[in-house]
Amino acid sequence: ELVRKTIFSQLAFVEGAGLGKETLASDRADQEQIPAPIAAPAAPTAKPVSAGPRPPEVTPIHERIGTPSPMRPAAELVWLLAQKSDDASRAYHIPVLLELSGSINPDHMRRALAVLLERHEALRAVFPTLGEMHIRSPEVVTPDFDVVDGRSWSLEDKLSWISAIGEETFDLDQGPLFRVRLAMTGDDTWLLSLEAHHLVIDGLSMNFLVGELAALYNGFERGVGVELPEAISYRHWLASHLAGRSTPQADLDQRYWRERLGNGAPVLDLPTDWPRADAKGWRGHAVLELIEPAEAETVRRTARSLGLT
């Protein structure tokens, strides 16, 4: 019932918060379903590596600068689902894990992350209550960034640390909703984990973010300036889409879907390997299956002929 009601109010919106003007194309993309990771053992204890001062405590909501902005209806649905359980919130985590080699300077990584936080309002957003998005001021936000020394890890320890990515929930009320972890696994080998909640980013925007992080880090490493495309205020982007809800085309779109979904979407009778559980769960897993290029092209051609993605 919640989904049926909400779909009508989000027709004029996109899935996933963008990071700026250069990522509007990704904002239009459908959200890729990110399954929650399977249960994993606790990460191994690791010695911290110095990476600059620790971030200060989060400034309480009432002390933040600026007035709240409205949430997108799609974001309201994600927020409501996150209130059900930690597993429901974890289902909307978007993690990225990179293996790096060479000399990495944690201080330069922290500085690059600080620039990203200043550039992109979405990375400074918090959601203290339904319908409200607060953008924290850059002056009170520092990167959620930790560095650990994993040079003594066994293979099992390394896999345990990787498996634990995504297990720590985000505090949607206080934030931050974007965190980065850097593990030194050898003299010149590293693991870099970036993780964000889907309320502030989508999968394609994360790709842009990684690219900007690399450019900024390399700039600090080489001591040269880096020019990046202008990042438009996320609140301005949101306001333009809010205004689009009152257009004649938006009315036509809503009328079209109300006629077809007025009684709810049809329940698909799909064959499954096992009976469905009585209660919805949020634990899942991704399955990768490679197909031949010729088969892939046949799928794409067939999809185009049917007007499908």
Are the side chains of [X] and [Y] in touch, meaning some heavy atoms are under 4.5 Å apart?
{"X": "Thr185", "Y": "Arg151", "result": "no"}
{"X": "Phe127", "Y": "Leu177", "result": "yes"}
{"X": "Leu213", "Y": "Leu194", "result": "yes"}
{"X": "Phe145", "Y": "Leu182", "result": "yes"}
{"X": "Val126", "Y": "Gln174", "result": "no"}
{"X": "Tyr217", "Y": "Asn105", "result": "yes"}
{"X": "His197", "Y": "Ser89", "result": "yes"}
{"X": "Leu192", "Y": "Leu97", "result": "no"}

Shortest non-hydrogen contact from [X] to [Y]?
{"X": "Ser69", "Y": "Arg235", "result": "OG-CD, 3.3 Å"}
{"X": "Ala91", "Y": "Trp282", "result": "CB-CE3, 3.6 Å"}
{"X": "Trp79", "Y": "Pro128", "result": "CZ2-O, 4.4 Å"}
{"X": "Gly219", "Y": "Val226", "result": "CA-CG2, 3.6 Å"}
{"X": "Val200", "Y": "Ala125", "result": "CG1-CB, 4.1 Å"}
{"X": "Met206", "Y": "Ile94", "result": "CE-O, 3.5 Å"}

Residues [X], [Y]: salt bridge by 4.0 Å N-O rule:
{"X": "Arg90", "Y": "Asp87", "value": "yes"}
{"X": "Glu297", "Y": "Arg304", "value": "yes"}
{"X": "Arg301", "Y": "Glu295", "value": "no"}
{"X": "Arg181", "Y": "Asp144", "value": "yes"}

Which distance, rounded to the nearest 0.5 Å, do you find between the [atom1] of [X] and the [atom2] of [Y]?
{"X": "Ser103", "Y": "His108", "atom1": "OG", "atom2": "NE2", "answer": "10.0 Å"}
{"X": "Leu216", "Y": "Glu221", "atom1": "CG", "atom2": "CD", "answer": "13.0 Å"}
{"X": "Ile201", "Y": "His93", "atom1": "CD1", "atom2": "NE2", "answer": "13.0 Å"}
{"X": "Leu100", "Y": "Thr189", "atom1": "CG", "atom2": "OG1", "answer": "9.5 Å"}
{"X": "Leu191", "Y": "Ser193", "atom1": "CG", "atom2": "OG", "answer": "9.0 Å"}
{"X": "Leu81", "Y": "Glu76", "atom1": "CG", "atom2": "CD", "answer": "12.0 Å"}

*Counting only heavy atoms not in Glu99, do more than 12 fall under 6.0 Å of its CD?*
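At most 12 heavy atoms, drawn from other residues, nucleotides or ligands, come within 6.0 Å of this atom.
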_Evaluate Leu116 against Glu212 for side chain to side chain contact (heavy atoms under 4.5 Å, CB included), listing each step before the verdict._
CA-CA 8 Å; Leu116 290 181; Glu212 289 192 3; 3.4 Å; yes
Spell out, as yes or no, whether a donor-acceptor pair under 3.5 Å connects the side chain of [X] to the backbone of [Y].
{"X": "Ser163", "Y": "Leu159", "answer": "yes"}
{"X": "Trp190", "Y": "Gly102", "answer": "yes"}
{"X": "Arg124", "Y": "Leu117", "answer": "yes"}
{"X": "Glu132", "Y": "Met71", "answer": "no"}
{"X": "Thr302", "Y": "Thr298", "answer": "yes"}
{"X": "Thr247", "Y": "Ala250", "answer": "yes"}
{"X": "His236", "Y": "Ala239", "answer": "no"}

*Should the ring pair Trp153 and Trp161 be called parallel, tilted or perpendicular, given that the plane angle runs from 0 to 90° and is split at 30 and 60?*
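Aromatic pair Trp153/Trp161 classed tilted.
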*Check the pair Tyr234 / His120 against ring-ring contact (aromatic ring centres under 6.0 Å, His included), numbers first and verdict last.*
CA-CA 7 Å; Tyr234 176 60; His120 300 300; over 10 Å; no
*Would you check, one step at a time, whether the test side chain to side chain contact (heavy atoms under 4.5 Å, CB included) holds for Leu209 with Leu123?*
CA-CA 10 Å; Leu209 195 69; Leu123 298 181; 3.8 Å; yes
*side-chain hydrogen bond (donor to acceptor under 3.5 Å, both in side chains) evaluation trace for Asp157 with Ser154*: CA-CA 5 Å; Asp157 290 337; Ser154 65; 3.3 Å; yes
_Axial cation check for Tyr256 ring with Arg258, 6.0 Å and 45° limits_ =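 Not flagged: Arg258 not positioned over aromatic ring of Tyr256.
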*Run the numbers on Leu199 and Phe170 for side chain to side chain contact (heavy atoms under 4.5 Å, CB included), then give the verdict.*
CA-CA 11 Å; Leu199 282 170; Phe170 288 104; over 6 Å; no
